[in-house]
Amino acid sequence: MLAWSVRTVTRAAMETGTVLSTVLSIVVIFAAFWYSGDDDGHAMLHKRLQHVLHAMLEVEEQHSVGEVRIAVGYGACKDVFVQGSDLMGIMTPPQRTAHFNRIDSIKQLKEMYALFYTAGSAAERYVGNETLFSEILAAAEAVSESYSALGGNAPVMASRFAFEGAKVLLAAKRSPYIMEKVHPSIVVGGVETDGDDDIHLILEYKAGERWGSYQAPRANRFIMHSDDSNPTLSTVEYFGEQLEAFKPHLFVVGGLQMMDNFPFPPGVREDRLLAVRDQMTSLPTSTRVHFEMASFTELDLLNGLIQHIIPYADSLGMNEQELPNLYSMMKYRNVSLVSDFNPRVAVVLDQMREVFQLLRATPEMGGRRRLTRLHLHTLAYQTIMVWKDSQWTNTRAAATKAALTANRHVCGNPKINLEHARMLMDEGFTLSEAEGAGRVLFDTQQPVSCWTEYDGKVEVCIAPVLICTSVRQTAGGGDNISAAGLVLQV
């Protein structure tokens, strides 16, 4: 059991030189320009972003992807994208916001969309009424600006791994649409099918957008589906036959949120989770296992994940909504439906430490693994926490690449355009909410802060995100970000 000490955290940060008192005066000057409306102030801010980007690109360019093999599960779908305003905008906004475990009516859709829209939180829900989903999908596809793309956590992460140069095996069924859209170097380990493609509808919205009296504080998305194939993880058994021969360095488990509030017969969902667990434990300890969290709301499913999946993973990836959800489940056995879309660094660091500490206590028996890596991706920054005496390397570079990938994906441009970028990172951040915790000041010349904790046994790195202000697509952002961080640490 880890016993974190705030004094240790403070001392470690001081020793690494990340707390630079000389930066304070510069920060004050920048802050003054931030609030001034003149051209000189904007030029200074642009120069600041240039320094940050240059420093981060230098770190990223020092590291390349080696000959790594990565297996990714499970499932794939066809994503249909539409601007939420083009679809929901034609509907009268609801008088109230409300949460439902699944969608069975237009009224429920409007009230739940408004709930997550005003929180700026991503959400994904199953539509139990297939006729309703078909009608909504038809209306979305009738919008001229709508488009489709290969979707699902697994194929999106697999595509990023392949783009970065890794060899990839993907657990997904081999439908014509998927085989046409998947990256050409990816081996798809699933059964052939001529059936209809599983379709997910993604409603994107922009920061500041309004729907009646409701306003979105940040860009995000609301996802709905009536998918009866991916929730059952139909590719697990067939994929297992190929997994052993592939001998992956890393196995990534994702897509399990499809099981959330899906109408399984009694006992079937637990059996499917056990099948995934057995696949995770079939691999040698030299193969690392990463579990990518998602939007889970059903208490029973979260309990199943904490019992059957999470203790068998070396690494976890999650966003600013999923961390407090997991934290609440592990500490208090309840679900956190929405959370702060831009949480303070001190808050998430404390939550990460507690989750890390609890999962480090997992007994290594029966295939269980002690957590050695935790990656949090938020709108404003990327945080990666690793156990130093583990196989994970290049933590600073991984956090940097993840942060840069956030801008590239959301803007849809591999080249970062600073005219469409901003930072939400403060002039500094506190290392913990505990009394006496140290503070790290932001340095544009070394914008990625790293330090060690717990007597040097844990390394933490935080990288600022150059937030895209010309949003093309938020869906798949977390998957791309998480994969970009992983690929430099395998």
Side-chain angles (χ1 to χ4, degrees), residues 2-35 44-45 47-49 51-56 59 319-320 323-324 327 339-357 374-388 395-400 402-403 406 422-467:
L2 297 182
W4 251 277
S5 164
V6 175
R7 290 181 181 176
T8 302
V9 175
T10 307
R11 185 175 64 253
M14 293 290 288
E15 288 173 353
T16 57
T18 56
V19 179
L20 304 173
S21 59
T22 55
V23 178
L24 183 58
S25 59
I26 301 174
V27 170
V28 171
I29 294 171
F30 281 139
F33 278 120
W34 180 270
Y35 291 105
M44 183 67 82
L45 288 173
K47 192 72 173 177
R48 184 189 189 211
L49 290 178
H51 286 312
V52 171
L53 177 59
H54 177 74
M56 294 178 72
V59 173
N319 66 19
E320 72 286 341
L323 173 64
Y327 174 80
S339 58
D340 188 349
F341 75 90
N342 184 28
R344 292 176 53 238
V345 174
V347 173
V348 300
L349 282 176
D350 285 342
Q351 290 178 347
M352 289 177 73
R353 290 180 186 113
E354 288 223 42
V355 170
F356 203 84
Q357 179 175 344
L374 182 56
H375 179 184
L376 175 73
H377 34 94
T378 80
L379 176 69
Y381 52 87
Q382 301 293 313
T383 308
I384 299 180
M385 181 178 290
V386 300
W387 187 256
K388 290 270 288 182
T395 307
R396 181 189 296 272
T400 301
R422 65 188 178 107
M423 285 196 304
L424 283 180
M425 284 288 284
D426 296 330
E427 72 278 5
F429 57 87
T430 306
L431 291 161
S432 171
E433 288 200 296
E435 185 178 352
R439 183 170 176 80
V440 174
L441 295 181
F442 188 75
D443 182 359
T444 58
Q445 305 301 319
Q446 294 183 323
V448 183
S449 301
C450 295
W451 65 91
T452 59
E453 303 183 1
Y454 189 55
D455 296 329
K457 294 179 181 177
V458 175
E459 181 180 26
V460 184
C461 287
I462 294 185
V465 173
L466 299 172
I467 300 166

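- The side-chain contact (heavy atoms from CB on, under 4.5 Å) check on Ala55 picks up Pro447, with sequence neighbours excluded.
- The two residues Ala437 and Thr430 come nearest to each other via the heavy atoms CB-CG2, 4.0 Å.
- The side-chain heavy atoms of Met423 and Leu49, taken from C-beta on, include a pair separated by under 4.5 Å.
- Across every non-hydrogen atom of Ala380 and Met425, the tightest pair is O-CG, 3.8 Å.
- By the side-chain contact (heavy atoms from CB on, under 4.5 Å) test, Leu379 pairs with Arg218, Phe341, Leu424, Ile467, sequence neighbours left out.
- In this structure, Arg48 and Phe442 have side chains that are in contact, with non-hydrogen atoms separated by less than 4.5 Å.
- For Gln351, there are no side-chain hydrogen bond (donor to acceptor under 3.5 Å, both in side chains) partners two or more places apart in sequence or in a different chain.
- Applying the side-chain contact (heavy atoms from CB on, under 4.5 Å) rule to Val348 yields the partners Leu323, Pro343, Leu376, Tyr381; only residues at least two apart in sequence or on another chain are considered.
- Distance check: Lys388 NZ to Glu453 CD gives 12.0 Å after rounding to the nearest 0.5 Å.
- For the side-chain hydrogen bond (donor to acceptor under 3.5 Å, both in side chains) test, residues two or more places apart in sequence or in another chain that qualify with Thr395 are Glu459, Gln489.
- In this structure the side chain of Val448 never reaches within 4.5 angstrom of the side chain of Val59, judged on heavy atoms.
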Next item on the list: Given side chain to side chain contact (heavy atoms under 4.5 Å, CB included), test Glu320 with Asp340 step by step and report yes or no.
Entry: CA-CA 7 Å; Glu320 72 286 341; Asp340 188 349; over 6 Å; no
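- Annotation for Phe356 and Trp387: closest pair CZ-N, 3.9 Å, computed over non-hydrogen atoms.
- Considering only heavy atoms from C-beta on, Leu349 comes within 4.5 Å of Ile462 through its side chain.
- The CG atom of Asp443 sits 10.5 Å away from the NE2 atom of His51 when rounded to the nearest 0.5 Å.
- In terms of the side-chain contact (heavy atoms from CB on, under 4.5 Å) criterion, residue partners of Ala403 (sequence neighbours excluded) are, by chain and number, Met56, Gln382, Ala463, Val465.
- Atom OG of Ser432 is separated from atom CG of Asp350 by 3.5 Å, given to the nearest 0.5 angstrom.
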